[in-house]
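See structure below.
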Amino acid sequence: MRPKGAVREIGPVSEGTDEPTRLLERHDLVTTGGRYLLVYGDLRGRAPTEEDPAADPSRLHKRYDRLTAAWVAVSPARNVRPHASLDARCPLCPGGPELPFSYEAAVFENRFPALRAEPPEVVDDPRVARSVGRCEVVLYTEHHGGSIATLTPVEMANVVAVWQDRSAELWSDPRHRFVMIFENRGDAVGATLSHPHGQIYAFDHLPPFIVARAAATAAHRERGDGCLGCVVVAEDATSDRTVFQDPSFVVGVPFAARWPYEVHVRARRHGLRRLTDLRPTEQRELAAVLRRIVLRYDGLYGFELPYMMVVLEAPADEPDWHLAIEFYPPHRTERLTKVRASVETATGLFINDTLPELSAARLAGIQVPALEPESRPARVVHR
């Protein structure tokens, strides 16, 4: 199903916060295989007239684990997705199988999904269900090398604007209960391609960890303790776990960090629940904050530190949820990585080998080059 193409400006603007904004046009294309391809910025070509076949979706489904009351997605076709060590060409570079032309930023429907808008029917078994949702790939730039740390201010502003655009559209689908933008960087976290990119999953149910967070937030309010998000922001901003902060976001190692150099970016403003709530100033600051974090990671051991990054937006009916972007790098030393071994995998009790306060101090002490500010946040328009 092709995404809607109506003209829409992304991101509400409150009085007194408007700034000159660079418009980023979105072009909606459809491949010969029926997958949608969204090109942002100048349109420099046409959708592929011939494309590699998508994965066979016939065995895609999810299974309910009654012992944990949680769903497990099953997608055997993901085993044949491209891998940098096996494929001579990068499928995400211009001229590759996904985009045959140059581009500024782009999004396409994942050829090897765990969730689909129209998944196959499943057997008549209450423990089995259709894997309804979406899986998208977000291309940050056409350039193969680099990362968020090396994107120009304009490129990073484009990425945030694209995230806002896709977030708004995916959350608007009533079948989607949760939408998560994420990035896996490096072999250590299972990334199969090194081209700068991320992904988006839209779920038809709330995943277990999101259920737990929502329950904790609601319980805090019910006890009469107010907004838990506001409390955490205030604590992090005045703690010795702070890495750095700006007027819109607090960046720090969480009090109960699970990963050795885990970092959370949390919105200060109550009411900034999703990416589409970003004011232009906040949008610009978020782009700069993310680049500064990855620059610090790369300076930690002198190489591009692998990490998992997730954007955690508010589920419906969660007024106390503050927009957060969380980073989970597995390295605990230059050569050793944290492994979720028996206890952690079986029980969910993480064991952190590092002290969060020391991790924060080390990250805060890393010198990063001055970043050129992007004075014009990007805003997407549909044609």
Side-chain angles (χ1 to χ4, degrees), residues 8-21 157 159-174 176-182 200 202-203 206-207 209-239 242 244-252 254-255 263-290 293 309-327 374 376-380:
R8 183 174 71 245
E9 295 184 349
I10 301 302
V13 179
S14 298
E15 183 178 357
T17 64
D18 202 2
E19 301 176 359
T21 301
V159 170
V160 176
V162 170
W163 285 349
Q164 289 178 297
D165 181 50
R166 298 312 303 139
S167 169
E169 198 157 280
L170 293 169
W171 278 108
S172 70
D173 189 326
H176 298 157
R177 298 284 309 285
F178 190 68
V179 175
M180 191 178 80
I181 296 164
F182 65 96
I200 309 176
F203 304 81
L206 289 182
F209 281 11
I210 304 305
V211 170
R213 289 195 181 208
T217 300
H220 193 269
R221 170 69 70 177
E222 291 167 2
R223 290 194 300 267
D225 296 327
C227 172
L228 179 58
C230 289
V231 170
V232 171
V233 166
E235 289 177 349
D236 287 353
T238 57
S239 76
T242 302
F244 64 90
Q245 49 189 308
D246 68 11
S248 299
F249 299 94
V250 175
V251 180
F255 179 78
V263 166
H264 291 186
V265 180
R266 202 165 303 278
R268 292 180 185 272
R269 178 168 62 87
H270 184 87
L272 205 178
R273 302 167 58 250
R274 294 182 180 174
L275 289 165
T276 48
D277 296 324
L278 287 166
R279 296 167 179 163
T281 298
E282 294 165 336
Q283 181 185 352
R284 186 189 69 244
E285 290 177 351
L286 177 60
V289 160
L290 297 178
I293 292 171
M309 179 193 74
V310 297
V311 180
L312 297 178
E313 300 183 87
D317 304 320
E318 291 297 333
D320 291 340
W321 192 287
H322 285 227
L323 174 68
I325 298 88
E326 300 184 358
F327 289 81
E374 166 53 30
R376 294 190 300 156
R379 186 173 65 199
V380 172

Please report the interatomic distance [atom1]([X]) to [atom2]([Y]), rounded to the nearest 0.5 Å.
X	Y	atom1	atom2	answer
Asp236	Gln245	CG	CD	9.5 Å
Phe249	Ile325	CZ	CD1	6.0 Å
Gln164	Leu275	CD	CG	6.0 Å
Thr281	Asp246	OG1	CG	10.5 Å

Exercise. Without hydrogens or angle criteria, can the side chains of Thr217 and Glu318 be said to hold a donor-acceptor pair below 3.5 Å?
Worked result: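 Side chains of Thr217 and Glu318: no pair found under 3.5 Å.
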When you measure from the side chain of [X] to the backbone N and O of [Y], does any donor-acceptor pair fall under 3.5 Å?
X	Y	value
Arg266	Ala324	no
Glu326	Val310	no
Asp173	Leu170	no
Thr242	Gly252	no

Exercise. Hey, mind stepping through Glu285 and Arg269 against salt bridge (Lys or Arg N to Asp or Glu O under 4.0 Å) and telling me if it holds?
Worked result: CA-CA 13 Å; Glu285 290 177 351; Arg269 178 168 62 87; over 6 Å; no
Taking side chain as C-beta onward, heavy atoms only, is [X] less than 4.5 Å from [Y]?
X	Y	answer
Met309	Phe327	yes
Leu206	Val211	yes
Leu278	Leu323	yes
Leu312	Met180	yes

Exercise. Should the heavy atoms of other residues, nucleotides or ligands under 6.0 Å from CG of Asp317 be counted, would the total exceed 12?
Worked result: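 Not buried by this count: 12 neighbours or fewer within 6.0 Å.
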For this session: Measure the acute angle between the ring planes of His322 and His270, then classify it against the limits of 30° and 60° as parallel, tilted or perpendicular.
Result: perpendicular
